[in-house]
Structure formats: C-alpha cells, structure tokens
2 protein chains.
Amino acid sequence: MTTTIQDQLNLARKNQILEAATTVFAEKGFQRATIKDIAKVAGIADGTIYNYFQNKNAILFGLMDRLNETESRELQFQGTSDTTFSEFFSAYLKHRLEQFGTREIALLGIIISEVLVNAELRQQYQTRILEPTYAIAERAFQSMVDAGKLPAMDVPISVRIISATFLGLVIQRLFGDTTLEQRWDSLPDVLPQFLLEGLIHQERKSP
Amino acid sequence: MTTTIQDQLNLARKNQILEAATTVFAEKGFQRATIKDIAKVAGIADGTIYNYFQNKNAILFGLMDRLNETESRELQFQGTSDTTFSEFFSAYLKHRLEQFGTREIALLGIIISEVLVNAELRQQYQTRILEPTYAIAERAFQSMVDAGKLPAMDVPISVRIISATFLGLVIQRLFGDTTLEQRWDSLPDVLPQFLLEGLIHQERKSP
DNA sequence: GAATAATAACTGATTAGTCATTAATTGTCA
DNA sequence: TGACAATTAATGACTAATCAGTTATTATTC
C-alpha cells in the first residue's frame with residue numbers, strides 16, 4: 001500500500017474534477033449538469049473525465065465518499081465525552097452545523113435530490129454513508145446509555161430521530177425558508193433549548 | 001364562478017393525467033419520466049397532455065397543489081383542541097403519519113427531489129406550500145402559547161423544528177432505511193415518548 | 001521511443017414540445 | 001328530428017436540441 005507520485009497525481013486530478021463537479025452540481029443539480037460543464041470548469045477536456053471516473057454516477061459516488069469522510073471523522077470525536085445528554089446534544093449540533101458550510105449544505109442537497117430518485121445511487125448511499133453513520137452514532141449513543149447518562153431508550157430510533165431533525169432543517173433551509181436562513185447560526189443554541197427546556201417546563205407544570 | 005360540465009370534464013381529465021403522472025414519477029422520478037410515459041399510463045396521446053398542462057413543470061405544480069390541499073385541511077382541524085403540548089404533538093404526528101400513505105410519501109420524495117434542484121419549482125413550492133403551511137402552523141402554535149399551554153417559546157423556529165423532524169424521518173425512510181421502514185407505524189407513539197420522556201427523565205436526574 | 005495522459009470530434013439515443021390532421025361534440029335551423 | 005356546420009378535443013408524427021460515452025489522434029512524460 002505505497003502511494004507513488006502517480007497515485008498522488010491521479011488523486012489530485014480526481015479532486016480537481018470533484019471540485020468542479022461540486023460547483024456545477026450546486027448550480028444546476030446533478031441531472032442538468034453535463035460532463036462538458038464539469039470539464040469546462042475544471043479546465044480540461046470532457047473525455048479526460050472518463051479517464052478518472054467510469055461514468056457520471058461515479059462522480060457523485062466520489063463526492064459522497066468525501067462528504068462521508070469528514071462526517072465520520074466528526075462523529076468519532078464525540079460519544080466518549082463526559083457530559084450530560086443535553087450538553088452532548090448541543091455540542092453535537094453546534095459542531096455539525098458549524099462544520100456544514102454553505103458549500104457542504106448545497107452538496108448535501110444535490111446528493112439527497114439524486115438519491116431520492118436514483119436506485120443505483122441510493123444503494124451506494126445506504127451502504128457507504130447511511131449504515132456506517134448510523135452504526136457509529138448508535139455505538140456512541142449506547143455507550144452513554146451504558147454509562148447511565150441516558151435512560152434505557154430505543155437507541156436505533158433515537159439516533160434516527162436526531163439525525164432526522166438535522167436533515168429536515170437542512171432541507172427546509174435549502175427550500176429557501178428565509179426564517180431558517182436568517183437564524184441558522186442560532187440553531188445550535190435554540191434547538192436543544194427548544195427540545196429540552198421548552199418541553200420540560202411545560203411537562204413539569206401539567207400533571 | 002359556476003362550474004359547467006366543461007369544467008368538470010376538464011378537471012377529470014386533468015386528474016387522470018395527474019394520477020398517471022404520480023405513478024410514473026414514483027417509478028422513475030420527475031426528470032427521467034417522459035411525457036410519453038405519462039400519456040401511455042393515462043391511456044391518451046402525448047400531445048393531449050399539452051392541452052391541459054403548459055409543460056412538464058406544470059404537471060408537478062398540479063401534484064403539489066393537490067398534496068397541499070389535503071395537508072392544509074388536516075392542519076386546520078388541529079390547534080384549537082384542548083390538550084397539553086405532548087398530547088397535541090403526539091396527535092399531530094399520528095395524524096400526519098397515518099394520512100401519509102406509501103403513495104403520498106413517494107410523491108413527497110419526488111417533489112422534494114425536484115424542488116431541491118429546480119429554481120422555478122422551488123419558487124412555486126415556497127409560495128404555494130411552504131409559506132401557507134408555516135403560517136397555519138404558527139397560528140395554531142401561537143394560540144396554544146396564548147392559552148398558556150406552552151411556555152413563551154420561539155414560535156417560528158419551533159414550528160420549523162417539528163416539521164423538520166417529520167420531513168427528515170420521511171426522507172430517511174425513502175433512503176431505504178429498513179429500521180425506519182419496519183417500525184414506521186410505531187413512530188407516532190415512540191417519537192413523542194422519545195422527545196418528552198426520554199429527555200425529561202434524564203434532565204430531572206442530572207442537576 | 002515506449003508508455004501514459006489528454007484531447008475533442010463524433011455517435012447514437014433520447015425527448016420536450018409543436019402542429020397539421022383527424023375525431024368528437026355541440027349548436028343551428030329547416 | 002336530422003342534416004350539417006362550427007367549435008373543441010385528441011392524435012401522433014415530427015423537429016430541433018441535448019448529451020453521455022467512445023475513440024482515434026495528438027501531446028506529454030519517463
């Protein structure tokens with residue numbers, strides 16, 4: 001497993017294409033983007049792209065993988081920290097929302113859009129991103145339950161609910177909701193507050 | 001504003017096309033679906049479609065409008081009921097998840113997929129669906145705050161968080177997550193339980 | 001000069017939307 | 001009523017444009 005100069009050049013060119021693809025996809029979406037578009041932005045001939053990616057789908061696979069790498073890196077640092085759940089949750093969201101800049105959010109939108117209607121990509125997305133991400137998150141969650149920081153809850157479902165909240169907010173923002181756009185940066189503070197304090201206060205009063 | 005027999009026939013044919021479009025879109029997505037596909041399923045000639053819809057986008061507008069009609073009908077019945085927030089929340093989710101059958105979920109996926117990458121559709125989606133839905137939900141929420149059933153919380157953001165949870169779960173299911181698929185029907189019970197009891201129990205213990 | 005990488009012209013297939021033609025329906029009046 | 005004209009709806013062949021992927025050729029590197 002030695003990386004030669006060839007491999008490095010190869011990787012650099014691949015990344016160059018992926019960068020260009022990100023730009024073009026963000027502008028036109030996956031299907032409307034053409035190989036020529038991507039080649040033009042990358043400053044290479046369109047045929048060259050096929051020396052590095054088997055087909056158009058493979059370019060999106062490449063982007064998915066890159067997104068996944070940073071995601072799992074970020075997930076891993078969590079989970080063993082010595083905090084309450086609300087602190088963990090707030091920290092997780094803060095981290096996640098901060099790391100997810102405009103470009104990443106736009107790219108996520110492209111991927112979601114295509115995964116929803118492309119069976120081959122969906123298959124890849126499931127095995128390459130969804131399942132590993134769930135697995136890591138479930139492990140982190142479970143360890144907090146084991147450590148007595150969380151009540152014995154339904155870990156798989158809980159993980160899905162939390163990620164659904166994040167995912168849904170990203171999508172609603174991509175839909176162009178101005179309220180979310182304007183107040184995006186305050187979400188890491190507001191969201192746990194809503195979920196924890198908002199609901200708790202109410203529930204404490206009611207019975 | 002009288003509806004003639006002409007209008008009714010016109011509407012029937014429109015619905016016939018929309019039904020066919022739903023089937024085809026669910027199978028191939030919006031972009032991969034062709035006008036010929038839809039015409040074939042509807043049992044008419046492809047040219048006929050253009051007598052009823054200006055273009056392909058307009059067909060999706062039509063589907064969006066139909067989805068929105070049922071949605072706002074369902075939203076309106078809520079909000080004035082005399083319950084605690086957790087009951088309201090549970091009932092809302094139950095209702096929402098029950099009303100959203102496989103076909104509606106699939107259609108929502110198609111619309112989301114296209115709205116994410118099609119500026120014209122996004123514009124329509126915002127004004128026809130998103131803004132009215134938020135407006136109704138915010139009003140319902142605010143009335144519960146005014147009635148003292150909820151603490152004075154940030155209504156617009158709260159509404160967005162709740163709908164994000166629902167939206168995110170739908171999308172994760174469409175991604176093909178088997179856990180969610182298997183346990184979909186238990187969500188109306190589990191989700192409020194997770195959000196309310198799960199978090200509260202923990203929070204009560206910790207300080 | 002051999003091997004590898006890049007090029008861009010080209011192909012084959014696809015498809016949204018058009019439009020001239022045909023069919024069906026409605027209205028008129030003897 | 002029934003003949004026929006006028007209006008409206010339906011048809012499907014056609015067009016013009018697009019684009020993913022191929023490949024023969026040229027350039028670069030070693």
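These numbers come from a predicted model, not from an experiment. Below, read A as the first sequence line, B as the second, and so on, with proteins coming before strands; counting in each chain starts at 1.
Counting non-hydrogen atoms under 4.0 angstrom, B/T34 reaches the backbone sugars and phosphates but no base. Within the nucleic acid shown, A/D46 comes within 4.0 Å of at least one base atom, counting heavy atoms only. Backbone-only engagement by B/A33 is indicated by non-hydrogen atom pairs under 4.0 Å involving sugar-phosphate atoms exclusively. Within the nucleic acid shown, A/F53 has no heavy atom closer than 4.0 Å to any nucleic acid atom.
Look at CG on B/N51: it is 17 Å from P on C/dT22, rounded to the nearest Å. Atom P of nucleotide D/dT23 and atom CD1 of A/I49 are separated by 18 Å, given to the nearest angstrom. Rounded to an integer number of Å, the gap from OH of A/Y50 to C1' of D/dA24 is 17 Å. The separation between A/N55 atom CG and D/dC19 atom P is 17 Å, rounded to whole Å. Atom-to-atom, NZ of A/K36 to C1' of C/dT7 comes out at 11 Å; the value is rounded to the nearest Å. Atom CD1 of B/I35 is separated from atom C1' of D/dC14 by 16 Å (rounded to the nearest Å). As rounded to whole Å, 16 Å separates atom P of C/dA24 from atom CD1 of B/I44. The distance from atom CD of B/Q31 to atom P of D/dT18 is 15 Å, rounded to the nearest whole Å.
A residue-by-residue look at B/F30 and A/G47 shows that A/G47 has its nearest nucleotide of DNA chain C further toward the 5' end. Take the nearest nucleotide of DNA chain D for A/R32 and for A/L9: the residue whose nucleotide is more 5' is A/R32.
For the pair B/R128 and B/F61, the cation-pi criterion (under 6.0 Å, within 45° of the ring axis) is fulfilled.
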Working for salt bridge (Lys or Arg N to Asp or Glu O under 4.0 Å), residues B/E19 and B/R103: CA-CA 11 Å; B/E19 283 303 317; B/R103 201 173 164 84; 3.0 Å; yes
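Side-chain contact check for B/S163 versus B/Y134: some heavy-atom pair is nearer than 4.5 Å. Using a 4.5 Å heavy-atom threshold, the side chains of A/R13 and A/L9 count as separate.
OP1 or OP2 of D/dA10 has at least one side-chain nitrogen or oxygen of B/Y52 nearer than 4.0 Å. At the phosphate of C/dA6, OP1 or OP2 sits under 4.0 Å from a side-chain N or O atom of A/R13.
Out of D/dT22, C/dA8, C/dA5, the shortest distance to the side chain of A/A45 is found at C/dA8.
Centroid-to-centroid, the aromatic rings of A/F100 and A/F166 come within less than 6.0 Å.
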